[in-house]
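Here the structure is laid out as structure tokens; the discussion comes afterwards.
In what follows, every chain begins at residue 1, and chains take the letters A, B, ... in the order their sequences are listed.
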Number of protein chains: 2
Amino acid sequence: MASRSDAVANRDRIVETARAELSRSNGAIADLKLHAVAKAAGVGQGTLYRHFPTREHLLAEVYRHELTQLVEAVAPLLAEHPPLAALTAWLDRLVGYARVKRGVMAAIEASAWQDLYADQHHRLDEALGTLLERGQAAGEVREGVDAADVILLLGALSRIPEAEWDRRAITVVALVVDGLRPPAAG
Amino acid sequence: MASRSDAVANRDRIVETARAELSRSNGAIADLKLHAVAKAAGVGQGTLYRHFPTREHLLAEVYRHELTQLVEAVAPLLAEHPPLAALTAWLDRLVGYARVKRGVMAAIEASAWQDLYADQHHRLDEALGTLLERGQAAGEVREGVDAADVILLLGALSRIPEAEWDRRAITVVALVVDGLRPPAAG
DNA sequence: ACCTGAACACCGTTCAAGT
DNA sequence: ACCTGAACACCGTTCAAGT
């Protein structure tokens, strides 16, 4: 038992250290050195690697709370708004998160095309998928678009330079939302 | 003179080797090893580095022709079509290129936010910018969008998994084009 | 079972020595 | 001037040895 609680503590310490390291560098994903995380967390590299086989696994864990909150925000928004309005509200929330923690976008992107972190990502995919399906059923969203398409486009957010974030994030979201509307029948 | 022509030959050989290497790995940017390129090109690493200070510089050179063709395609399209139709045609062309050489998208993305390769990229930025401005003047494109916004969104193309390219590239382009239309005044 | 940390592999980058 | 290629730095990954 002692060893198991050690393992849990190590894991937590690693995640916490990574979070701290990321916020020091303002969430620049590529700047997270696994060597440095292991050292700062006071564990061997092997331990870090055992808990998180890839940097993405670690990132997914670091941003797990944020992602969960985003996923859980979908249902209430859908209950209160028409689908596309709910999507807009949800994206505003995402942009708000991402302004403070740019890494959230990287976590979303990273998890988007990997089956690894299936739990987290499938839930995001499902939540976004539900939004889109409701929108399609209501005729507010064009056919033939799925959550993966939207995640691909939202990846644009993670490549906006810091200094231009406020200006461009709004534009990107507006373009995506309006792009999702059914094309005019003309 | 002899040494200068050697330098030119070396440079060409490097670019040619990189192009070959990239097409072997189907344009997977990250798989391009500079060490390997130098070796295969028969030059020292220092020579490669002297000609191309970063991997992006090398990529920009490898895809220079393609980018030039894309840039030069804009004016004729604008002469023949209304702005948004011209943009659509241009994007179709881009997608056609990218299907064969996925690296073109990477080159566009890479050059998008760096001043380094100013010549190539500024021209792309300008060409796209002209398209958008014409569209805005004609009331076909919403205000407040610039070429950088569009390039950011088109980055989605470079992250489409090979197997899904045909399906998703069309969707992405359609979403971007329709997103660019002026929002309904309601 | 879990951990440590030296060691390996890889790759971008530099630079002293050559021509 | 330009080139070579050994060497360095960095970092992800592995693994023998420890507890």
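The shortest distance between the side-chain N/O atoms of A/Y49 and the OP1/OP2 oxygens of D/dG12 is not below 4.0 Å. Note on B/N10: a side-chain N or O is less than 4.0 Å away from OP1 or OP2 of D/dC3.
With rounding to whole Å, B/I14 atom CD1 is found 12 Å from D/dC2 atom C1'. Rounding to whole angstrom units, CG of residue B/D31 and C1' of C/dG12 are separated by 16 Å. If you measure from atom NE2 of A/H57 to atom C1' of D/dT13, you get 14 Å, rounded to the nearest angstrom. Between the CZ atom of B/R55 and the P atom of C/dC11 there is a distance of 10 Å, given to the nearest Å. Atom-to-atom, CD1 of B/I29 to P of C/dG12 comes out at 12 Å; the value is rounded to the nearest Å. If you measure from atom CZ of A/F52 to atom P of D/dG12, you get 15 Å, rounded to the nearest angstrom. D/dA16 atom C1' lies 14 Å from atom CZ of A/R50, rounded to whole Å.
Among the nucleotides D/dG12, C/dC2, D/dC2, the one closest to the side chain of A/L34 is D/dG12. Candidate nucleotides C/dT13, C/dC2, C/dG5 were compared by shortest atom distance to the side chain of A/Q45, and C/dG5 ranks first. Among the nucleotides C/dG12, D/dG12, C/dC11, the one closest to the side chain of B/K33 is C/dC11.
In this structure, B/H35 and B/H51 both approach DNA chain D, and ranking their closest nucleotides by distance from the 5' end singles out B/H51.
Using a cutoff of 4.0 Å between basic side-chain nitrogens and carboxylate oxygens, A/E126 and A/R123 are not scored as salt-bridged. The residues A/E66 and A/K101 are annotated as salt-bridged, a charged nitrogen and a carboxylate oxygen being separated by less than 4.0 angstrom.
Taken from CD in A/E61 to NE2 in A/H51, the straight-line distance is 11.0 Å, to the nearest 0.5 Å. Rounding to the nearest 0.5 Å gives a distance of 11.0 Å between NE2 of B/H65 and CG of B/L67. A distance of 10.0 Å separates CG in B/L59 from CZ in B/F52, rounded to the nearest 0.5 Å.
Using a 4.0 Å heavy-atom cutoff across all strands shown, A/L48 reaches no nucleic acid atom at all.
When both distances must be under 3.5 Å, the Watson-Crick or G-U wobble mate of D/dG5 is C/dC15.
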